[in-house]
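Below: the structure, in structure tokens.
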Amino acid sequence: MRLRRCLISVLVSMIVLPALAVLNAPPAAAVSGFTAGDIVVTRVGDGSVFASGTAAPVFLDEYAPSGTLVQSVPLPAVTSGSNRRLTESISATSEGALALSQDGHYLTLAGYDAAPGTASVASSAAGTVNRVVARVDGAASVDTTTTISNAFSGNNVRGAVTDSGSNFWVAGATSGVQRVALGGTTSAAISTGTLVNLRTISITAGQLYASTSSGTPGVYAVGSGVPATGGQALTLVTGTGASTSPYAFAALDRDPGVPGIDTLYIADDTNAVGIRKYSFDGAAWTARGTFAPANKAVTGTVGTTGITGSVTGSAATLFGTTTDGQVVKVVDSAGFNATISASGTQLATAANNTAFRGVAFAPTLATVAPAITTQPQDTTITSGATATLSV
């Protein structure tokens, strides 16, 4: 009898106590919609120790402009239904670029359909470890149903951008610019030529752009507009010079006297450089100096890899991610065509065994306009003008 009671007690401990633990476990943090005006940062790693080159989980951290952490949105680390995993290399600083869609309703980034802990994930074959595109909307809903099995094989996939959520343009180290539809499994080459090692990709004022440190480093226009067909040439917009290391870029319209984009800020991961400024006078781009944010200990300066920004009155307000794991706010008070005159503020610092990569403004919720019945004479529509970086 005593032995039987002991066995029953053990069985109860094995079955009931774990069940109670699950019932009493704290609920997972709820994810809510993004707030307009906030910034979102790609964070790779959850604090666990991962060897160099190993796949790590990815999060999108939302910050108020003051630097207050609002929430962290996890990307799938396990396959769930049609949603694939999306992880990134813990040590690859060129990965994790974050882009806001042309319509402002989605964030996009690229990674790997690999479990956390997968070694040498960037050098994997794309047919075995598919490259994955994540689309995250204003409600913080994540879609990772889009994969690529035929490009970016054996090297980094770095970033993706969408116009309105249905098609994606993707960049990486080996395959130039590729295009894939939502839910697709293979991509089609968009760019042509020998310049295939690209870093970040974005759509600004109706034009697709990419940056590179290969060939002639700088920012390039990809074809004309947002091309859907192959054979598109990469045309240099702004070169940054030999031995430079450009990453993300923010294109702004700061001067009403110059139509379209007239100021370009380019992140550079070179210490003592940080952010490069260029201005456009309607005919040519001119370098306007650099600004390097202070390092975490405020004893030196560091480079940047992610950048976004907006025009605030007569100044430009920029948000960047640094090579030593900071989110920084930089305000350039100089005119669009004057040498950069900036001040920087540390907003956040990455925890141990994590890394900050891309940064973008938070997406907004898509709205559906109410149906309006009009008479025939009321149907004239006047379209607004678009602006592009001049090539």
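Only heavy atoms go into these numbers, but all of them, side chains included; no hydrogens, no water, no symmetry mates.
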Given the rule in the side chain to side chain donor-acceptor pair (under 3.5 Å) test, do N197 and S214 qualify, once you have shown the distances and angles that lead to the verdict?
CA-CA 6 Å; N197 185 0; S214 298; 3.2 Å; yes

How close do [X] and [Y] get, counting heavy atoms only, and between which atoms?
X	Y	answer
P363	Y106	CB-N, 3.7 Å
V258	F280	CG1-O, 3.6 Å
T364	A36	CG2-CB, 4.2 Å
L365	G138	CD2-C, 3.6 Å

Do [X] and [Y] come close enough that some side-chain heavy atom pair is under 4.5 Å?
X	Y	value
F59	L75	no
V331	L318	no
Q207	V226	no
V170	I201	no
E88	L109	yes
R131	Y112	yes
V311	D253	no
I266	L264	yes

Apply ring pair (Phe, Tyr, Trp, His ring centres under 6.0 Å) to residues W285 and Y278 and explain how you reach the verdict.
CA-CA 6 Å; W285 287 91; Y278 296 83; 7.4 Å; no

Do the side chains of [X] and [Y] get close enough for a salt bridge, i.e. N-O under 4.0 angstrom?
X	Y	value
R276	D268	yes
D143	R84	no
R85	D113	yes

Using the rule given for side chain to side chain donor-acceptor pair (under 3.5 Å), can you reason through S211 versus T200, listing the C-alpha separation, both sets of side-chain angles and the distance that settles it, and then say yes or no?
CA-CA 5 Å; S211 68; T200 62; 2.8 Å; yes

Under 4.5 Å between side-chain heavy atoms, hopping through other hydrophobics if needed: is there a path connecting [X] to [Y]?
X	Y	answer
V133	V121	yes
V330	F361	no
I261	V219	yes

Roughly how far, to the nearest 0.5 Å, is [atom2] of [Y] from [atom1] of [X]?
X	Y	atom1	atom2	answer
L60	S72	CG	OG	9.0 Å
S153	N130	OG	CG	10.0 Å
L252	D332	CG	CG	9.5 Å

Test side chain to side chain donor-acceptor pair (under 3.5 Å) on T108 and R135 and set out the steps.
CA-CA 5 Å; T108 47; R135 187 193 73 174; over 6 Å; no

Whether the side chain of [X] engages the backbone of [Y] through a donor-acceptor N/O pair (distance < 3.5 Å, no angle test) should be reported.
X	Y	value
Q102	S164	no
K277	A338	yes
S191	V177	yes
S149	T185	yes

Does R43 make a cation-pi contact with F356, if we ask for NZ or CZ under 6.0 Å from the ring centre and within 45° of the axis?
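That pair does not qualify as a cation-pi contact.
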
If you look only at pairs with a residue in residues 344-360, which of them pass as a side chain to side chain donor-acceptor pair (under 3.5 Å), with sequence neighbours excluded?
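Every pair satisfying side chain to side chain donor-acceptor pair (under 3.5 Å) with a residue in residues 344-360: Q326-Q346.
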
Going through the distances and angles, do L98 and V359 end up as a side chain to side chain contact (heavy atoms under 4.5 Å, CB included)?
CA-CA 6 Å; L98 193 61; V359 58; 5.8 Å; no

Please evaluate residues D269 and S245 with respect to the criterion side chain to side chain donor-acceptor pair (under 3.5 Å), reporting the C-alpha separation (whole Å), side-chain torsions for both, the decisive distance (0.1 Å), and the verdict.
CA-CA 6 Å; D269 71 347; S245 187; 2.6 Å; yes

In the hydrophobic clustering that connects Ile, Leu, Val, Met, Phe, Trp and Tyr at side-chain heavy-atom distances below 4.5 Å, which members other than V70 occupy its cluster, ordered by chain and number?
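Direct or chained contacts put V70 with none.
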
